[in-house]
Amino acid sequence: MKVITTKGVVKIYNPDKIPVKALDGVDLEIKEGEFTAIVGPSGSGKTTLLNVIGGLDRPDEGDVEVGGHDIDAMSDNKLIDFRKEHIGFVFQAYNLIPVLTARENVEFVMLLQNRPKKERRERAEELLRAVGLEDKMDKRPSELSGGQQQRVAVARALAPKPDFILADEPTANLDSKSTANLLDIMARLNEEEKITFIFSTHDQRVIDRARRVVTLVDGKVATDEVRG
Amino acid sequence: MIPIMAWRNIWRSKTRSLVVIGAISVGIWAALSLTGFATGMMKSYVNNAVQNIVSHIQVHQPEFLDEYEVKYNIPDALAVEQAIRAEPGIKAVSVRSVAGGMVSSSQGARGVRIKGVIPEEEARVNALDENVVEGEYLSDKGRNPILVSGDLAQKLNVKVRSKVVLNFQDRGGSITAAAFRIVGIFDTGNNPFDLSHVFVRRSDLNNLLIPATDSSLTADALTHEIAIMVEDIRNVDTIANKLGAEFPGLKVQTYREISPDLELYEGQIKNVSLIYLTVILLALVFGIINTMLMAVLERIKELGMLMAIGMNKLRVFSMIVLESILLGLVAIPVGLFLGYITIDYVGKNGIDMSIYAQSLENYGMSPIIYFELDPGVYLQVAVGVFLTAVLASIYPALKAIRLKPVEALRTI
């Protein structure tokens, strides 16, 4: 089983001027198959923690291991390859590639993995069907609603068959209906396909659906609650 | 898919891309047209000089060229002449006797080179008959006819049918003089040449050059200069080399050796196109850098996202360079086409520079310039612009790959 482990992770922004400790000794273990929400007030370090776990940022102190890979030991280019193979991202503002259609956006990451064209296409279509966008495959992001764009982002995050999907406030810009719809899809993927989701959020609707809730306060783990 | 992304990316900001494509196209057009103009002008100078003055190849006795002394005539000239005429690839041959002397009228005198020619032969070599603007060309009729240029006639204050006196040394070294009657006024379009040359019949000149006491030479065997036109100018060097080998005692020169300025001009054509191209490309570099830099800076967040999801630096770099190349690839055919139709049109119809005709003629050029372009220049320009597009994209592309995904994603 693949596991994310952080040990004494410290991340300091602005170390030269006015240092801000975004993470202050975070110890955490997240296992494959979890549906975990990382919550906390603004500035508590949620996004920083996700960035560090996802290999977008490096900790100043402590160790991060993702599925047995020591993130700190990797060069920038290695990190890019690591993210490509092992981590799927869903960002807050629907960061899709504006010049590509929904299908092409999903195919794109698989292209980066040099997968054959036929496989890319079939998987992209399968994933877009799974998120309920079979009739929007050839639309560009500007022709989709916010909720639809986030569903494309989820399909894209799933495309490379990553070990973990990290979603940074995925519902922040969505209305209730779209939020419920997106959560349904993610919960189903978690239950049926055993996909691991880790969210950062302060959206109560998301917290309510999570099966584990880790609360951060001032860069430290304050509570860690596992529900039924 | 990356080429598709690059292609769609350049059309995200249509106006901006069209402006830079327009700038590149106009730059190419300008480089081609300016080069076409310069080439046309220089070719006009070279052609004028070759056709009216130097011809393709000239043969002399080597010492003759030092001082133009009449005693250094071509030995066995008749045999040499016949051998040359028998060469393949030769269009026309004119045998001349030449003397340095003075032409004088009641109003003044000028130093001139007197060329004794066989009228119909000379006409075939340098179109002298077509350059007669007043009166008639030399013929067998009359005694001692002479052609002078309009410029010289003005200086001497003479006109058609006026009498002038030529003074020169004969082969014996004595000064001799004879009266000639102007039958025609010529104008080659090259003022320095026109002012310093007069044409008479070779038989008349030779009779004066060979003193009565000299029996070693007949009038039809005294030749100082053999001027040759070949059928194809590209064969000039081959034919000249062959003649040089055949007549080792004679000096065989091509127009480039006779008039080194012509060679310089011909060589200059290539430099001129390179200079125009360099200046224009330098301006384009900054235009493209500016466009590509804007294209990078306005999508920092997107580039951060691409790197976050696993697009490596090489691919990001290639995508930016490709966008710049695509801008170039759209612009290059447009510019080449505009340049081609301009050069084709002006090449056929010419551009009338007669307002500057006087100054052009002083340099031996025609008042109507026909654009002309070596086809290689199109390739040169296309390759130059392509490389410029690549070069100009390097800085923006480096800027893109230096972004840190976390920071880029936070950009608004």
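- Note: Glu107(A) CD to Met1(B) CE = 4.0 Å, rounded to the nearest 0.5 Å.
- Residues Leu409(B) and Phe89(A) have side chains not in contact (no heavy-atom distance under 4.5 Å, counting atoms from C-beta outward).
- Around atom CG of Asp374(B), more than 12 heavy atoms belonging to other residues, nucleotides or ligands sit under 6.0 Å away.
- For the set Met5(B), Arg8(B), Arg315(B), the entry with the most heavy-atom pairs within less than 4.5 Å of chain A is Arg8(B).
- Rounding to the nearest 0.5 Å places CG of Asp76(A) at 13.0 Å from CZ of Arg402(B).
- Applying the 6.0 Å contact sphere to CZ of Phe317(B) captures more than 12 heavy atoms from other residues, nucleotides or ligands.
- Comparing Asp81(A), Leu79(A), Leu111(A) by how many heavy-atom pairs each has under 4.5 Å with chain B, the most go to Leu111(A).
- Taking the side chain as every heavy atom from C-beta outward, Val99(A) and Trp7(B) never approach each other to under 4.5 Å.
- For the atom pair CZ of Arg156(A) and CD1 of Ile309(B), the computed distance is 4.0 Å after rounding to the nearest 0.5 Å.
- Within a 6.0 Å sphere centred on CD1 of Ile18(A), other residues, nucleotides and ligands contribute 12 heavy atoms or fewer.
- Among all heavy-atom pairs drawn from Pro405(B) and Arg83(A), the shortest one is CG-NH2, 3.9 Å.
- The environment of NZ in Lys220(A) is sparse: at most 12 heavy-atom neighbours from other residues, nucleotides or ligands sit within 6.0 Å.
- Contacts of Phe82(A) with chain B are absent, with no heavy-atom separation under 4.5 Å from either backbone or side chain.
- Per-residue heavy-atom pair counts under 4.5 Å with chain A were compared for Arg299(B), Lys404(B), Glu302(B), and the maximum is reached by Glu302(B).
- Within a 6.0 Å sphere centred on CZ of Phe337(B), heavy atoms belonging to other residues, nucleotides or ligands number 12 at most.
- Using a 4.5 Å heavy-atom cutoff, the side chains of Met311(B) and Val109(A) are not in contact.
- At a heavy-atom separation below 4.5 angstrom, chain B is approached by Leu56(A), Asp57(A) within residues 54-66 of chain A.
- Met307(B) has its side chain out of reach of Lys84(A): every pair of non-hydrogen atoms, C-beta onward, lies at least 4.5 Å apart.
- Taking 4.5 Å as the heavy-atom cut-off, the residues of residues 114-138 of chain A that approach chain B are Asn114(A), ordered by number.
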